[in-house]
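Some notes on the structure that comes next.
Predicted model only: the values in this text are computed from it and were never measured. In what follows, chains are A, B, ... by sequence order, proteins preceding strands, each numbered from 1.
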Amino acid sequence: MTTKLSVFCALTLLLAACRPAAQNIVPKQLRFAIPGDPPTFDPLVVNESNAGAIRDLTSGYLLRIDRVTDEPQPDLAESWQVKDGGRAIAFHLLKDLKFSDGSPLTADQVAQTLRRLATDAATTVGDAFREAHPEVSVSSPLDLEVHFRTSVPRLERLFDQFAIAPAKPAKLPGTAGPFFIAEFQPGAFVLLARNPNYWKRPLPRLDSIRIDIQSSHEIELTRFLRGEFQVIDRLEPDFFERIVRNQPGAARDLGASLDSEFLWFNQSDAKTLPDFKRAWFRSATFRHAISAAIHREDIISVVYKGHAHAAAGPISSANHAWFNTALQPLATDPQAALKSLEAEGFALRDKVLRDGTGHPVEFTLITNAGNTARETMLKLIKADLAKIGIDVKTVALDGRSLGTRIGRTLDYEAALQGFSNTDPDPVNEMNVWLSSKDMHFWRPNQPVPDTGWEKRIDELEDKQATEPSREARRKALDEFQQIVRDQEPVIYLVNPDYLVAISPLVKGMQPGVAPPQLWRSVEQISF
Amino acid sequence: MIRIRRAAILLLVAIALSGLFAGKLAPYPYDRQDRQAIDAPPDSKFVMGTDDVGRDRFSRLLWATGVSALLAPAAALCSIAIALMVSSLTALGRPALNYSIDGFTTICLSLPWIFLFIILRSELPLGTGAAAVIATTFGLMGVAGWPVPARVFTASIAEIRQSGWLMQARAAGISAPRIAIRYAWPHLRSLAMAQFYILIPAYVLAEASLGLLGLGVPDPIPSWGNLLVDLQHPDIVRANPWVLAPLGLLIIVMICLEILAPQKEVAL
Amino acid sequence: MKVRGKLMRGLAGAVLNLVPVVLIGGFLSAALVRYSPGFDVDENDWNPQISAATRAALHAERESENHLPSFYLNYLRAALHGNFGKSDHYKLPVSELLADRAGATLELVITGTLSGLLFGGVLAWFAVWPRRTILAVAAAGVSGLLLAIPPAVLALEFFQRDAWVEMALALAVVPRVFGSMRAILTEFAASSALLAARARGLGAFALAMRYVFRPALPRLATLAGVALVLAFGLAIPVESLCDVNGVGNLAWHAATARDLPLLCGLALIITSIVAVVQSLASLAGEPTTNP
């Protein structure tokens, strides 16, 4: 071998050997991963889960709604008073509050946050606040009032939706919560350090939290099993089972989540939809038949490995505050489905179901490519509907192409999707159920509701949004859920379980299915 | 060596025939689900076990062989043909033309082709039949895959243009087509075969990635590519090593093709 | 002198070719992104807690990207001053994102390419030089095996075993250069000059260096250029699956997010790199005799 060749080989090996040192475990530091970079640290524009995770760990709020009791609890505000029949609210802050950067957190800073929310349309968390037309006034360093044009039902809830942010914009802004953002390396990690000015001092118990950016769930699992991570949030069923096999003490099934998986038919006036198909999709009998033919128990056992519950309607059974307990999940009965279709003029001949005009019943069903659970559900649904003579062409599309078809062009026939509910209060889904809204995805932007039941749902949604009495709200929501069940514009399939992995070394974590799921008492977490 | 080559040919023929006659050889239809046997290990009923919705892996492997063994080489052939056509223009020896081809090839190498695939999927009606989607996918891969082989061919053609034997042939008055086919092509043939072999597994695997865009071979039709997606989950492989079967077949095919590749250049 | 002049002309031609290639390549890439479905859709469109007015305001922030020609012109103007815009997805300057990640990708790609060329060359050598059937078959077998294994899966296995991911990329490059290297070596090994030198009793190493490696250098240089471009393409799934914080991973996320400013910057830089690498490889492979 020539000298040159040897040198070249050595250089190659040297380059290859220049790897980052193995990451050491830091005492009193919790480590977990999020799948992507948080696009922002500004708590007022957070609208996705990665940034949401950072916000949950770092933010301070005026008050917080306890997700279990549904009652407001003080946070930065020591007390408050709703005045004038819900047209105003006065807050009295705790004394000596500071942001993590040492700047004072007084009524003026709170007022600046509220004014920004009131005027800046880019602050996505302030929608409901903005629509109430607030005016903020400061009477002392610890006192401020917010006045609204009209009475706002359940006024305190508005202030649980946004954190108080410092007025000065910064790359790594100061925070009022238990931790602050100490370091951010895009694509690598976010390091949160204990907030020395946290109002619940000497908490938090942890010194720091390191959040790695890890898009591969396979690698995240490997690192958890190696002890590099102590927590995995939202595990897929396959990975959950692997943790059960390898570290049974770490795997936790928290029961049915607030999330739901569902499918619906395009009932809009889209030109790409043939009239005869539109007629099928607008028939409640047709939708019920499809719903009855789908084997939900198989979806639970095959897709979710038993870690899911059959859905009974638009609100998950895990939502104890608002779920209509009279509803039961639909039983699978393909024979009954076929009979009801035959009563509507459909006929099964040579294993092909045809409508009254002779058209074979077939449609395309689209969902997100890369979502293993939904792609497997497509396979099961296709096979289930084939048993009653319906040919389903399944297509998995990339997320944005899917969004274009469903939300813009309406060029689709049926779609399989899911919601990750970030808030148990059903008022947050109003935009889906009001027939005039663009998010009324099966038939959006109706100037006037086309059916009696959609008109009734509009009325019930308005009522539950404005009704101060909890009992009256409950009654309206029960009726709403029953109508959705009777008409099935959306066929609810399952509520997946909330699956997490928590190392037995971690103490003080109180995970729950209601947000903020794992971080309810983050300041109490320790090793 | 002759015996080894014969064995390689026999193996390839056996694999091709098993794919062609999958309908007769497979014990089950490729889309039949047995929901009581999800991810089942191999047994007397399912010799290679079942997949995530209880479909027989062995049956799906046979059908997948018919799909991938035919279409991936066809797409590779298409890329090689286009690459040869484009690079052969450089044999004319016109600098401006050569620079244009060079630039065009560089642009094609740098474009994010994934978006062309996404646009293609959006133009295809959702109800487009599986055959049309598959043909479109492999066709587009064939059309998009020419720049890299073209680079290799262009360099070789430049070398050939300077060679002494070609100058002698031109001086002797032999026509350009005859020079190209009789004298130049044997020099390019082994390079073309090498590039052809490289493209086959690349297209098998790329087809699986295109599944993320709604293209590729649509479910429930199996292909080696979509069967190999499970390799990204080591736990599934450990639980059922037969998941590696399509990879094993692909390896055997590639080894056989490498063995059959023409080794010698024609002596002048 | 004639060779030097030819080289200077080649260099000048390459530089002149570079500018329109980069500009056209950048524009076409931007056009593919801009006119792909889903460009004007984002996660907020599926959030029922966000009102239509807020969603419209958020979409309005990307209004300038809707008219591609003016967007591209303004982008180029800013790029000439080193400003590659701000990523829609990461909300950070594109130049900062690229600078942070270039190192990881360069390390992965260069190490992978060089190692792949070295191993591929050694494998091709064993297939050709000793002239033994068993070695030729074995080399072909190794190449076929490596060709069939998905590079990303190879990288994942390496990662899981704490081995060098760069070597996984190298093993992915090997079969992609083996065939061409074998063809090149076969041609030169059968040349009359080498046969004559062997007859004169020249040693194996001197034969290899003088009559194979040196004359084959131009074509090997071209192959190296091709291998580098191939390696970058292979690096994208490797970085995605193994979470290497490199440009490939960035490109993948930018593509799924239809991040036009970031993708424009990537397109301009990648086209430039490919053009430069290809030009250098072509120049290195430029014949030194006149026709």
Side-chain angles (χ1 to χ4, degrees), chain B residues 1 4 93 95 99-100 102-107 109-116 118-119 121-122 148 151-152 154-156 158-159 161-162 167 187 190-191 193-195 197-198 200-202 204-205 208-209 228 231-232 234 247 250-259 261 263-265 267, chain C residues 13 16-17 20-21 24-25 28-29 32-33 35-38 133 136-137 140-141 143-145 147-150 152-153 156-157 160 175-176 178-180 182-183 186-187 190 218-219 222-223 225-226 229-230 237 241 251 255 263 266-267 270-271 274-275 278-279 281-282 285-287 289 291:
Chain B
M1 192 62 183
I4 294 171
Y99 279 128
S100 304
D102 202 45
F104 180 59
T105 312
T106 302
I107 290 171
L109 271 171
S110 319
L111 285 179
W113 288 102
I114 185 175
F115 291 103
L116 191 62
I118 292 172
I119 292 169
R121 176 66 253 190
S122 74
V148 171
R151 275 271 176 232
V152 178
T154 303
S156 190
E159 186 85 19
R161 283 195 73 241
Q162 306 303 320
M167 285 184 226
H187 289 271
S190 55
L191 273 178
M193 294 299 281
Q195 292 299 312
Y197 298 148
I198 288 168
I200 293 173
V204 167
L205 300 170
S209 305
L228 287 173
L231 288 187
Q232 293 181 11
L247 181 64
L250 185 58
I251 290 170
I252 291 170
V253 167
M254 295 318 302
I255 292 174
C256 291
L257 288 175
E258 289 277 5
I259 289 168
Q263 300 292 334
K264 288 185 186 168
E265 295 298 317
Chain C
L16 280 172
N17 209 26
V21 162
I24 295 171
L28 288 176
S29 300
L32 281 174
V33 175
Y35 297 112
S36 64
T133 305
V137 169
S143 173
L145 176 77
L147 199 55
I149 299 175
V153 171
L156 191 59
E157 284 298 313
Q160 301 246 344
R176 286 157 176 84
F178 167 74
S180 301
R182 183 178 58 184
T186 306
E187 183 181 327
R219 284 164 69 173
T222 308
L223 190 61
V226 170
V229 172
L230 268 172
L241 213 55
L263 285 165
L266 279 168
I270 289 169
T271 312
V274 170
Q278 297 305 319
S279 298
S282 298
E286 189 73 21
T289 56

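With a threshold of 4.5 angstrom between heavy atoms, C/Val33 approaches chain B through its backbone and through its side chain. In this structure, no portion of C/Leu266 lies under 4.5 Å from any heavy atom of chain B. In this structure, chain B has a heavy atom under 4.5 Å from the backbone of C/Pro175, while its side chain stays farther away. With a 4.5 Å cut-off on non-hydrogen atoms, B/Leu111 touches chain C through its backbone and its side chain both. Proximity to chain C involves both the backbone and the side chain of B/Ile118, based on heavy atoms less than 4.5 angstrom apart. Both the backbone and the side chain of C/Ala275 come within contact range of chain B, with heavy atoms under 4.5 Å apart. Of the atoms belonging to B/Leu109, it is side-chain heavy atoms, and not backbone ones, that fall under 4.5 Å from chain C. With a threshold of 4.5 angstrom between heavy atoms, B/Ile119 approaches chain C through its backbone and through its side chain.
For the atom pair CD (B/Gln195) and OG (C/Ser180), the distance works out to 4.5 Å, reported to the nearest 0.5 Å. To the nearest 0.5 angstrom, C/Ser143 atom OG is 11.0 Å from B/Leu257 atom CG.
Among B/Ser100, B/Pro95, B/Cys256, B/Ser122, the residue with the largest count of heavy-atom pairs under 4.5 Å with chain C is B/Ser122. Note: C/Leu147 leads C/Val274, C/Val21, C/Leu147 in heavy-atom pairs under 4.5 Å with chain B. For the options C/Pro37, C/Gly179, C/Gly25, heavy-atom pairs under 4.5 Å to chain B are most numerous at C/Pro37.
Contact detail for B/Leu247 and C/Ile149: the closest heavy-atom pair is CD1-CA, 4.0 Å. For the residue pair B/Met254 and C/Gly144, the shortest heavy atom distance occurs at CB-O, 3.6 Å. The two residues B/Phe115 and C/Ser36 have their closest heavy-atom pair at CD2-OG, 3.6 Å. Closest approach of B/Arg151 to C/Val226, counting heavy atoms only: CB-CG2, 3.7 Å.
Partners of B/Phe104 under the ring pair (Phe, Tyr, Trp, His ring centres under 6.0 Å) rule, at least two apart in sequence or in another chain, are B/Trp146. Applying the side-chain hydrogen bond (donor to acceptor under 3.5 Å, both in side chains) test to C/Ser29 and every residue at least two apart in sequence or in another chain returns nothing.
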